[in-house]
Amino acid sequence: MSDLLAVILAAGKGTRMKSALPKVLHRVGGKSMVEHVLDAAKGAGSSRNIVVIGFGAEKVQEALGSNAEFVIQAEQLGTGHAVQQTESLLQDFNGTVMVLCGDTPLLEGKMLAKLYAEHKAQNAVATVLTAIMPNPAGYGRVIRDAKGQVVKIVEQKDATPAELAVDEVNTGIYCFERSVLFEALSGINCSNNQGEYYLTDVIGILAAKKAKVWATAAEQYEQTFGINSRAQLADAEKILRKRKLGELMDNGVTIMDIDSTFIDEGVEIAPDTTIYPFTWLEGSTTIGSGCEIGPNTRLQNAKVGDNVTLHFTYAHDCEIKNDVTVGPYVHLRPKTVLSEGVKVGNFVEVKNSIVGQNSKIPHLSYIGDTDMGGKVNIGSGTITVNYDGKNKHRTVIEDGAFIGCNTNLVAPVTVGCGAYVGAGSTITKDVPGEALGVARARQTNIDGWVKKHKA
Ligand code: UD1
Ligand code: CA
């Protein structure tokens with residue numbers, strides 16, 4: 001177990017988001033803001049992660065589940081008060097407490113690890129991550145003495161004109177030794193312009209005691225940007241998306257148009273796959289090598305093998321194995337497995353079905369709740385009739401079967417190995433292997449019918 005743990009402040013409402021959802025649960029780059037922060041903390045080596053919740057507490061707790069511990073701050077009386085709520089939970093802890101905010105989704109573990117390393121190397125009891133901002137408005141200012149030692153942090157609303165001129169700001173990211181944190185917190189009060197208990201006052205209290213307080217400016221302070229509005233959320237989305245696409249390209253993936261490609265952080269793609277424009281890859285999607293994905297394709301939690309082509313396809317919670325061709329205009333719904341060499345589409349929907357190797361469903365079909373063997377040929381317009389109004393039933397189509405065009409297969413029903421079904425049939429009884437099933441009225445031609453009716 002490492003000597004580092006994280007406390008993530010996430011009790012605020014986020015008024016400027018104008019949302020019923022707690023601010024930290026707004027999604028960006030495919031996951032909630034607070035999940036990004038949690039992942040960065042873990043990436044920095046934090047062994048325990050405690051999230052302070054208040055507004056919409058149940059929702060935040062539900063979203064993070066067992067990935068974090070939770071402390072309730074019933075009333076949001078300030079950032080110092082928020083950290084105070086973790087005191088009893090941290091009684092037996094003797095290491096470093098890293099304090100983070102839940103609304104900074106651009107943070108990366110590497111930068112936090114560097115902060116922690118510097119905190120340890122300096123042997124400080126408190127280290128503040130600062131940033132030199134061209135426009136520091138709104139932030140707390142870091143006040144240093146003539147020797148450059150940190151004296152205190154002053155909030156914008158409490159600052160003198162001279163303090164407002166300081167361009168080094170508090171990013172809201174800190175390391176504190178647990179041994180001094182709560183004692184110092186017990187010394188803060190709310191006699192300031194906002195009537196809040198400020199965490200930032202801890203810095204002044206420790207500095208006044210001549211304890212070692214350190215402040216270090218972040219090289220990549222863009223990572224510390226807090227999100228307060230929908231416009232900033234959209235900015236963060238752009239940054240995260242670009243970061244992900246950059247990583248993929250570095251790993252050998254071709255992205256044809258970075259402005260119209262949307263890939264969640266958790267998606268994995270092997271080298272020599274090409275992503276065409278207007279493509280969304282979401283959730284836990286993984287894609288092998290040598291694939292052509294898009295244009296106009298959306299994959300959610302899809303597992304895609306090597307050398308797969310997906311054009312104009314929407315696929316979710318399904319598996320597509322090697323050498324499969326799909327599209328255009330195909331919907332693959334949950335629990336669908338397309339085995340090696342399968343071809344699906346145009347205009348086909350497949351749901352909760354296994355499609356065996358090298359089978360073809362080339363045009364205008366609905367295949368639902370079906371177990372299909374290998375080398376099956378499904379004629380254009382074939383429908384599995386899987387729902388009787390009350391229950392779903394399965395259709396079985398064995399290896400090598402040939403289903404004629406415009407067939408209804410009324411489930412539960414089995415078409416045996418190598419069997420044929422005549423075009424236009426509505427099949428309600430099993431077709432034995434190697435048999436021909438035909439179920440349609442015979443055609444009659446009435447000679448001279450037109451002439452008779454025109455007379
Ligand atoms: C804080 C810092 C400021 C710094 C800025 C960086 C203080 C007093 N000021 O200001 O120096 O420049 O962050 O972004 O700390 N929260 C709670 N409970 C509360 C209050 C806040 O959990 O009672 C959470 C919020 O949900 C948010 C975070 O703490 O995630 C920061 O609070 P916020 O009110 O936004 O602080 P700032 O005014 O931005
Ligand atoms: Ca803020």
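As the structure lists them, so they are numbered: ligands from 1, and atoms in each ligand from 1.
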> Is it true that G226 lies under 4.0 Å from ligand 1, counting heavy atoms only?
Replying inline: no
> Taking the side chain as C-beta and beyond, is there a heavy-atom pair between L129 and Y221 under 4.5 Å?
Replying inline: no
> Does the side chain of F176 come within less than 4.5 Å of I203's, by heavy atoms?
Replying inline: yes
> Which is it for Q73 and ligand 1 at heavy atoms under 4.0 Å: side chain, backbone, both or neither?
Replying inline: side chain
>> Does any part of the side chain of M98, heavy atoms only, come nearer than 4.5 Å to the side chain of C175, both counted from C-beta?
In response: yes
>> I want to confirm something. Looking only at heavy atoms, which of G80, P22, A11, G78 is nearest to atom 19 (C) of ligand 1?
In response: G78
>> Below 4.0 Å, non-hydrogen atoms only: which portion of N228 touches ligand 1? Side chain, backbone, both or neither.
In response: neither
> Does any N or O atom in E155 lie less than 3.5 angstrom from one in ligand 1, N or O only?
Replying inline: yes
> Can any side-chain N or O of D264 pair as donor or acceptor with the backbone N or O of V267 at less than 3.5 Å?
Replying inline: no
> What are the atoms of ligand 1, with element, lying closer than 4.0 Å to any heavy atom of C101?
Replying inline: 28 (C), 30 (O), 31 (C)
> Considering only heavy atoms of G140, which atoms of ligand 1 have at least one such atom less than 4.0 Å away?
Replying inline: 3 (C), 4 (C), 11 (O), 12 (O)
>> Given L77, V83, N170, identify the one with the heavy atom nearest to atom 12 (O) of ligand 1.
In response: N170
>> Under 4.0 Å between a side-chain nitrogen and a carboxylate oxygen: does that hold for K303 and E319?
In response: yes
>> For the 3.5 Å polar cut-off, considering only N or O atoms, please tell me whether G172 and ligand 1 meet it.
In response: no
> Thinking salt bridges, do K31 and D39 make one under a 4.0 Å N-O criterion?
Replying inline: yes
> Stepwise, does the salt bridge (charged side-chain N to carboxylate O under 4.0 Å, His left out) test hold for E163 with K152?
Replying inline: CA-CA 11 Å; E163 289 166 342; K152 61 178 177 175; 3.5 Å; yes
>> Closer than 4.0 Å to some heavy atom of A10 - which atoms of ligand 1 meet that?
In response: 22 (O)
>> So, regarding A82 and ligand 1 (criterion: nitrogen or oxygen to nitrogen or oxygen, under 3.5 Å), is there a contact or not?
In response: no
>> Can you confirm whether the side chains of N307 and N322 place a donor and an acceptor under 3.5 Å from each other?
In response: no
>> Counting C-beta onward and ignoring hydrogens, is there a side-chain heavy-atom pair between E183 and K209 closer than 4.5 Å?
In response: yes
>> Under a 3.5 Å threshold, yes or no: a donor from one side chain and an acceptor from the other, between Q223 and E108?
In response: yes
> Numbering the atoms of ligand 1 from 1, which are under 4.0 Å from a heavy atom of T79?
Replying inline: 7 (C), 8 (C), 15 (O), 20 (C), 21 (C), 29 (O), 31 (C), 32 (O)
> Do any N/O atoms on T200 end up under 3.5 angstrom from N/O atoms on ligand 1?
Replying inline: no
> Nearest non-hydrogen atom to atom 24 (C) of ligand 1 belongs to which of L9, V52, D201, V128?
Replying inline: L9
> Does any N/O atom on G12 come nearer than 3.5 Å to any N/O atom on ligand 1?
Replying inline: yes
